[in-house]
Amino acid sequence: MKYLVSVIDDEDTPGSDDRMPAISEFNERLKAEGYWVFAGGLAATEEAAVIDNRGEQAVITDGPFVESKEFLAGVWVWEAPDLDVALKLATEASKICDRKLEVRPFL
């Protein structure tokens with residue numbers, strides 16, 4: 001089963017910026033153990049654009065979809081045998097990257 005792991009940062013209490021070496025080491029372990037599918041950090045929310053083409057004409061809006069103190073800072077996609085394994089990895093990853101994580105299975 002594949003899982004989307006969303007990395008959630010917070011404007012009021014942001015995660016530490018010095019975590020990249022530990023995150024890279026964790027990513028290498030994910031690869032070695034066969035859990036790794038994909039990962040990537042995201043640009044600041046100010047660089048986002050929202051496109052809504054459900055009506056007569058497409059509307060493109062600068063900025064994030066939702067104004068919030070919390071925002072999506074990056075993602076992992078993992079292949080894990082079950083939710084328990086994904087949650088165990090996410091518990092470790094949250095400590096390593098110093099941010100909250102949301103784990104959701106793909107359909």
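- At distances below 3.5 Å, not a single donor-acceptor pair connects side-chain atoms of Asp9 with backbone N or O atoms of Ala73.
- Contacts of Pro21 classified as side chain to side chain contact (heavy atoms under 4.5 Å, CB included), with partners at least two apart in sequence or in another chain: none.
- Of all non-hydrogen atoms in Ala80 and Ala86, the two that sit nearest each other are CB-N, 4.1 Å.
- Distance CD1/Ile96 to OG1/Thr91: 11.0 Å, rounded to 0.5 Å.
- Hydrophobic clustering (ILVMFWY, side-chain heavy atoms < 4.5 Å, transitive): Val5 and Ile23 are in one cluster.
- Residues satisfying the salt bridge (charged side-chain N to carboxylate O under 4.0 Å, His left out) test with Lys100, not counting sequence neighbours, are Glu70.
- Atoms CD and CG, from Glu92 and Leu101 in turn, are 11.0 Å apart once rounded to the nearest 0.5 Å.
- In this structure, CZ in Arg19 is found 12.5 Å from CD in Glu25, a value given to the nearest 0.5 Å.
- The environment of Asp17 atom CG is sparse: at most 12 non-hydrogen atoms of other residues, nucleotides or ligands sit within 6.0 angstrom.
- Both Met20 and Trp76 are part of a single hydrophobic cluster, where members link through side-chain heavy atoms under 4.5 Å apart.
- From Tyr3, atom OH reaches atom CH2 of Trp78 across 11.0 Å, with rounding to the nearest 0.5 Å.
- Between Ser6 and Leu72, the shortest heavy-atom contact is CB-CD1, 3.5 Å.
- Two different hydrophobic clusters hold Val7 and Leu4 under the rule that ILVMFWY side chains link at heavy-atom gaps under 4.5 Å.
- Put simply, the side chain of Val85 does not reach to within 4.5 Å of the side chain of Met1, judged on heavy atoms.
- A distance-only check finds a donor-acceptor pair linking the side chain of Ser94 to the backbone of Arg99 [under 3.5 Å].
- Under the rule for a side chain to side chain contact (heavy atoms under 4.5 Å, CB included), the partners of Lys31 that lie at least two apart in sequence or sit in another chain are Glu28, Trp36.
- Atoms CG and OG1, on Asp52 and Thr61 in that order, are 8.0 Å from each other to the nearest 0.5 Å.
- Phe106 and Val75 fall within the same hydrophobic cluster, defined by Ile, Leu, Val, Met, Phe, Trp and Tyr side-chain heavy atoms under 4.5 Å apart, directly or through other members.
- Considering only heavy atoms from C-beta on, Leu83 comes within 4.5 Å of Val103 through its side chain.
- In this structure, the separation between CG on Leu30 and CG on Leu89 is 6.0 Å, given to the nearest 0.5 Å.
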